[in-house]
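Values below: all heavy atoms of this structure, side chains included; hydrogens, waters and symmetry mates excluded. Please read all numbers here as calculations on a predicted model, not as lab measurements.
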Amino acid sequence: MPNSSPKTQAHTDMSNTEAGLGPVDQEIYRHLNFTLGHHHEEVNKEYLYRALAISVRDRLIAQWNDTQEKMDGTERKRVYYLSLEFLIGRSLTNAILNLDLEDSVRDALQSYGTTLEEAAEQEHDAGLGNGGLGRLAACFLDSCANLKLPVVGYGIRYEYGMFNQRIENGRQVEDPDHWLRGGNPWELARPEDSRRIHFYGNTEYGVDANGEPYGSWANSYDVLAVPYDMPIPGFRNGTVNTLRLWKSSATAEFNLEEFNAGGYSEAVAQKNLAEQISMVLYPNDSSENGKELRLKQQYFLVSASLQDVLHNWVAQYGKDFTNFGERNCFQLNDTHPACAVPELMRLLMDEYGLGWDKAWKITTSCMAYTNHTLLPEALERWSVSLYGRLLPRLMDIIREIDARFMKELAQKFPNQPELYGRMSLIDGGHDPHVRMAYLAIVGSFSVNGVAGLHTELLKSGLFADFYKLWPKKFNNKTNGVTQRRWLSHCNPGLRDLVTETIGSDWQTDLEKISDLAPYAEDASFRTRWQAVKRHNKSALIDYVAQRTGVHFGLDALFDVQVKRIHEYKRQLLNVLHVIHLYDRICQGDTADMVPRCVLIGGKAAPGYHIAKLIIKLINDVANVVNNEPKANELLKLVFLPNYRVSAMEVICPATELSEQISTAGKEASGTGNMKFMMNGALTIGALDGANIEIREQVGKENFFLFGQTAAEVAKTRQAYDPNAIIAGDADVERVLTLLEGGHFNPTEPGIFSVLTSGLRNPHDPWVTIADFRSFIDAQKAVNKAYTDQQDWNRMSILNTAASGWFSSDRTIQQYADEIWNVKPLN
Ligand code: 26V
């Protein structure tokens, strides 16, 4: 227990001066004793985390208020990032880094006999996202705050985030993630800004005083949306932006009606129904497609957020919407919030009395849509009958948008009924569906893909008709990641080495990191570079050993693939390669082999059986490989359970080889690939997503390329004969023989036959066997390169030095300049 008058701080901390806060150690002491009422001899770690978090939060709030005041005091344009997912991870260490509080916090914690690392471990990840799309939203908010852009994130405050994954007998088991248990120090409830959301009921039509027809939503069942605000700090720049997350709750009078009718329990049950809406994040799972609760979530987020923005607009400008379209921009993170198009129309017409044409002009000048996937099963379609029942007024508006769009098409392209059918917002037939991507395209002024190849494929494939109609709407914004979390925070050893060598400007301007390139030729620098990597590798060794019992060797090549488990990402190809190495070891063919530790991690959607079977296979192969005495020094395989943001913060600094092996044309961008590159990993990859740009930036000599191109894959599919390939390649055949002979699953014969028959299927969409030989050869080149550690380190440095393009600051600057037309608030 520290004494009651903590020592004066060794480090100056400027963030408290205006806010009237004491030094960090005093603040922690105060919060422990008074805010949390924890005065024990032995300070409990969880309490210490909370006291520290509140102390840090207090420092953020002062800057948060300032930023808010600046926003309110200008008539400048604002941007709203609408997303069903924000995969934030931990906030404490990020806030400490951005406020530059690390030294004072470390000093303060020392007096409690603990470290910052230990305190930070207490924080639950805010896992409000599935993977890339959600993490991108979080990186974007970080970059917006860093660039001082007036951008607000809007999302849902899920009570349960992404499930926790356990492995039992090699199989994935899901546990609910009740991340809010124990409280969330990073949010402030703002019940005074609650909004009312309609569901069900019907549309009533009438004629207003001017003789104009109108519609209105009647007999609805209403729910309240209560906002919780999270601070998003910029990097040492005084800016703190807002992420507003909505929680659903029952309206007061609904309960009253029930109470008056004497239905006490019914009233309470209705409250539960309302609160269900924000209860759980949906896993990215095609078996979850079409679920009513998911549509409720989408509309709930969109309606609450648009009402919020309109409310603020009216408070500032009155009910004159003339400039609304040019002063506001809504970026739609995929089609999940695409009902923003009809909802803004509804609010402008039904609530504020605008006519269709004015409302349409405003709506289409402020909506922008980002597409994140080419996979057909991920393209959202909603049944017209469900839509019309849940959101009757919106369905009317969608029909009207479609009717007007069809008219426009008929004028531009007369007598082309087939084209109209293809492009209609409603996929007709006996079970009609709304095509959400088409709704988003028609209602937006901008449509973007997330990497060069992806955008080209959208223009030539999925959205070709729309591209022909509106070529100028389409643009590319290659994804990026924030170097503050993904280098400065997670890899302090490398951060300090880089800063000592080229200064610290790269933290806010990653292009500067190219100044590192000449040091790749400097042998003593390479030695220091390698020492940092080895330090990070030993941290990962401990992390893996604690969670799996498997001990990685420090001298081995750390070969990593972490991402959602999906067939198109081809974790299976990675396993086939491990089996091939195992087979060579068993045969004594180890001449040019380099010791390797292969780590695979990621969650499978709970209803995605093949993905879950791939996890089982990885674990079963790992069991055999790790227990084979001959393989001991040469090969290890682990499946790391519960991959998440905080795990990646340990994994990417230690990775040497980044596996980016999706079937070409399937991975829209990838962002893990960028985190690995930034941290000095070399990539083995196919020409897919942002891998193409990574290779362009770093040079082909510093990248391990394998596999077919997207165009070649398309051609291969026309006459694909995997069985002939297998029969013609002894290495490949032996791998299949081991798998099919039950070598890895002797007690459960046949359990992997779905996987092996998939590999042998001429219609295998992922053409895994077609790329296997090329993958084996590229991995041989990796071995050869790793044998020369000097050269490997040289390439590693060049990868970090070439990562400037992949900062989300660059991406966001492009969104700001080319889509949003928004300037920083200074
Ligand atoms: C679909 C569904 C459907 C069922 C309900 C829940 C749900 C949630 C998400 C999705 C679609 C996810 C699409 C996605 O995550 N795309 C990834 O976006 C990354 C950021 O742009 C990109 O780097 C990845 O390549 C891309 O796969």
*Asks:* For Glu117, I'd like to know if atom CD has over 12 heavy atoms of other residues, nucleotides or ligands within 6.0 Å.
*Replies:* yes

*Asks:* Given Glu667, which of Arg570, Lys569, His566, Gln660 fulfils the side chain to side chain donor-acceptor pair (under 3.5 Å) condition?
*Replies:* Lys569

*Asks:* Run the salt bridge (Lys or Arg N to Asp or Glu O under 4.0 Å) check on Lys675 and Glu649 step by step: do they pass?
*Replies:* CA-CA 9 Å; Lys675 295 164 199 166; Glu649 290 169 3; over 6 Å; no

*Asks:* Is there a salt bridge (Lys or Arg N to Asp or Glu O under 4.0 Å) between Glu174 and Lys612 once you walk through the steps?
*Replies:* CA-CA 11 Å; Glu174 301 92 21; Lys612 291 178 120 173; 2.8 Å; yes

*Asks:* For Arg157, is there an ion pair with Glu187 - N to carboxylate O distance below 4.0 angstrom?
*Replies:* yes

*Asks:* Given side-chain hydrogen bond (donor to acceptor under 3.5 Å, both in side chains), test Asn479 with Thr671 step by step and report yes or no.
*Replies:* CA-CA 7 Å; Asn479 284 167; Thr671 44; 5.7 Å; no

*Asks:* Verify the neighbour count for atom NE2 of His178: are there more than 12 heavy atoms of other residues, nucleotides or ligands below 6.0 Å?
*Replies:* yes

*Asks:* Does the side chain of His454 pick up a donor-acceptor pair with the side chain of Asn371 at under 3.5 Å?
*Replies:* yes

*Asks:* Side chains of Asn333 and His372: is there a donor and an acceptor less than 3.5 Å apart?
*Replies:* yes

*Asks:* Can you give me the closest heavy-atom contact between Ala690 and Asn673, atom names plus distance?
*Replies:* CB-ND2, 4.0 Å

*Asks:* Going through the distances and angles, do Trp246 and Ser305 end up as a side-chain hydrogen bond (donor to acceptor under 3.5 Å, both in side chains)?
*Replies:* CA-CA 9 Å; Trp246 300 99; Ser305 310; 3.2 Å; yes

*Asks:* Which atom pair, heavy atoms only, marks the closest approach of Val532 to Leu494?
*Replies:* CG1-N, 3.5 Å

*Asks:* Return yes if some donor-acceptor pair links the side-chain N/O of Arg596 with the main-chain N/O of Leu634 below 3.5 Å, else return no.
*Replies:* no

*Asks:* Does His743 have its ring centroid less than 6.0 Å away from the ring centroid of Tyr582?
*Replies:* yes

*Asks:* Is it true that the side chains of Glu380 and Gln298 contain a donor and an acceptor less than 3.5 Å apart?
*Replies:* yes

*Asks:* I'd like to know if Lys533 and Glu656 make a salt bridge, using a cut-off of under 4.0 Å between side-chain N and carboxylate O.
*Replies:* no

*Asks:* How close do Ser669 and Met674 get, heavy atom to heavy atom, and via which atoms?
*Replies:* OG-CE, 3.8 Å

*Asks:* Under the salt bridge (Lys or Arg N to Asp or Glu O under 4.0 Å) criterion, do Lys247 and Glu159 qualify, and how do the steps go?
*Replies:* CA-CA 8 Å; Lys247 172 189 162 77; Glu159 202 78 28; 3.7 Å; yes

*Asks:* For a quick test of reading the model, state the closest non-hydrogen atom pair linking Ala95 to Val56 and the distance between them.
*Replies:* CB-CG1, 3.7 Å

*Asks:* For the residue pair Asn745 / Asp620, report whether a side-chain donor-acceptor contact shorter than 3.5 Å exists.
*Replies:* no

*Asks:* Does the Lys NZ or Arg CZ of Lys537 fall within the cation-pi geometry relative to Phe552 - under 6.0 Å from the ring centre and within 45° of the axis?
*Replies:* no

*Asks:* Treating Asn619 as the side-chain partner and Ile615 as the backbone partner, does any N or O pair qualify as donor plus acceptor under 3.5 Å?
*Replies:* yes

*Asks:* Given 3.5 Å as the limit, does a donor-acceptor pair link the side chain of Thr811 with the main chain of Thr478, or not?
*Replies:* yes

*Asks:* Walk me through whether Asp142 and Arg485 qualify under salt bridge (Lys or Arg N to Asp or Glu O under 4.0 Å).
*Replies:* CA-CA 9 Å; Asp142 181 90; Arg485 183 178 291 262; over 6 Å; no

*Asks:* Could you pull out the closest heavy-atom pair between Phe163 and Ala604, with the gap in Å?
*Replies:* CZ-O, 3.3 Å

*Asks:* Apply the side chain to side chain contact (heavy atoms under 4.5 Å, CB included) test between Leu657 and each candidate in Phe676, Phe704, Phe558; give the one that qualifies.
*Replies:* Phe704

*Asks:* Ignoring hydrogens and geometry, is there a side-chain-to-backbone donor-acceptor pair from Trp486 to Gly672 under 3.5 Å?
*Replies:* no

*Asks:* If you measure only the distance, is there a donor-acceptor pair under 3.5 Å linking the side chains of Glu46 and Gln122?
*Replies:* no

*Asks:* With no hydrogens and no angle check, just 3.5 Å: does a side-chain donor-acceptor pair link Asn130 and Glu85?
*Replies:* yes

